[in-house]
There are 2 protein chains.
Amino acid sequence: MHTTSCDRKHDVYDGSCPCRQVLDLLANKWSALALGALENGPHRFGVLRERLDGISPKVLTATLRRLEEQGLVDRTVFPSVPLHVEYSLTALGRDACAPLAALREWVVANIERFPAAGAKTGAR
Amino acid sequence: MHTTSCDRKHDVYDGSCPCRQVLDLLANKWSALALGALENGPHRFGVLRERLDGISPKVLTATLRRLEEQGLVDRTVFPSVPLHVEYSLTALGRDACAPLAALREWVVANIERFPAAGAKTGAR
DNA sequence: GATCGTAGTACCCAAAGGGAACTAACAGCC
DNA sequence: GGCTGTTAGTTCCCTTTGGGTACTACGATC
């Protein structure tokens, strides 16, 4: 069960391992959606807010700040007229997109198998 | 029955799509860990509690109930002496493990690149 | 000087996360 | 008969996070 390359000092199943915090950050609805939204280029706050249908500005800010703190996204301010802020993926963020995209795609591909989906949509 | 092919009626970016609920269920620290823990066979409540280091019984119960409701795990009660309950993956749960395992493994493989990890472990 | 667009923040409430202690059921032991 | 031990939770309470609405700041334009 010792995996990866080196020692097993890192383990998501160890509550005191920093892996746990990172997993908590990534295994989150809004993080997964936000990173996915940035996959195809930088976007502005307002665009993200529309794309992440249903998110409130407060939660979007919190999500982006957390991702920024952990080095997954960059926040660039253009001091233009009505102010313009762009969020983009860092190299780390781009790499993190792969497993998150897989998760999102799995959900869409398998949604019909879930009771929640069948009951609500009637699944034409 | 249903057109499992590709209409785009299902989209995690649509807030009213049931995909969103399923994503919220799976994109969750404890769900990701619990499903992973069951990947190699059924386990009892107490074992899961130890394996998911740091989880409280209340949250473990809630997590397992949610996963059970959505058809990802089965709960089997053996009415033996001190009572014995086994949790196991359903076919759907087994399928969901793949993207979640990828996410967990990505975190472990890339943990050194995160400031949270570097700061705490000294990273080397 | 009022209005518009952009990117937030402030305030407040509800839901979820989380820990410690407690319960239920029953076997075996003293 | 009552005490203890085991397993799987539940209950209580508190903190944190999620979430919505309203509001602010900025300068340009009308």
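Computed from a predicted structure; not experimentally measured. Convention: sequence-line order gives letters A, B, ...; per-chain numbering from 1.
Counting only heavy atoms from C-beta on, A/P82 has its side chain closest to C/dG5 among C/dG8, C/dG5, C/dG19. Between D/dG18, C/dG19, C/dT6, one nucleotide has an atom nearer to the side chain of B/S56 than all others, and that is C/dG19. Candidate nucleotides C/dG8, C/dG18, D/dT7 were compared by shortest atom distance to the side chain of B/R44, and D/dT7 ranks first.
Put simply, CD on B/E50 is 13 Å from C1' on D/dT6, counting in whole angstrom units. Nucleotide D/dT7 holds its C1' atom 20 Å from the NZ atom of B/K58, rounded to whole Å. Note: CG (B/L60) to P (D/dT11) measures 16 Å, nearest angstrom. Going from atom CZ of A/R75 over to atom C1' of C/dT6 covers 12 Å, rounded to whole Å. Atom C1' of nucleotide C/dC26 and atom NE2 of B/H84 are separated by 16 Å, given to the nearest angstrom. For the pair A/E68 CD and C/dG8 C1', the computed distance is 13 Å after rounding to whole Å. Distance CG (A/L48) to C1' (C/dA7): 12 Å, rounded to an integer number of Å. Distance, B/L83 CG to D/dT10 P: 11 Å, rounded to whole Å.
Among the protein residues, A/V59 comes within range of the nucleic acid bases, having at least one heavy atom under 4.0 Å from a base atom.
Proximity of A/Y87 to the phosphate of C/dG8: a side-chain N or O atom is located under 4.0 Å from OP1 or OP2. In this model, the phosphate group of D/dT17 is not approached by any side-chain N or O of A/N28 to a distance below 4.0 Å at OP1 or OP2. The phosphate of C/dG19 has neither OP1 nor OP2 within less than 4.0 Å of any side-chain N or O from B/R49. One finds no side-chain N or O of B/K29 lying less than 4.0 angstrom from the OP1 or OP2 phosphate oxygen of D/dT17. At D/dA8, none of the side-chain N or O atoms of B/R65 fall inside 4.0 Å of OP1 or OP2 (strictly under the cut-off). Contact check, B/W30 against C/dG18: a side-chain N or O comes under 4.0 Å of OP1 or OP2.
Judged by closest nucleotide on DNA chain C, A/F45 is the one of A/F45 and B/P57 placed further toward the 5' end.
Of the possible polar contacts, none joining the A/T63 side chain to the A/S31 backbone as a donor-acceptor pair under 3.5 Å is found. Formation of a donor-acceptor pair under 3.5 Å by the A/D53 side chain with backbone atoms of B/G15 is found in this model.
Side-chain heavy atoms closer than 4.5 Å link hydrophobic residues (I, L, V, M, F, W, Y) into clusters, and following such links, possibly through other members, connects B/L38 to B/V77.
Side chains of A/Y87 and A/H43 form no contact here, defined as non-hydrogen atoms less than 4.5 Å apart. Side-chain contact between B/E69 and A/P115 is absent, with no heavy atoms from C-beta onward closer than 4.5 Å.
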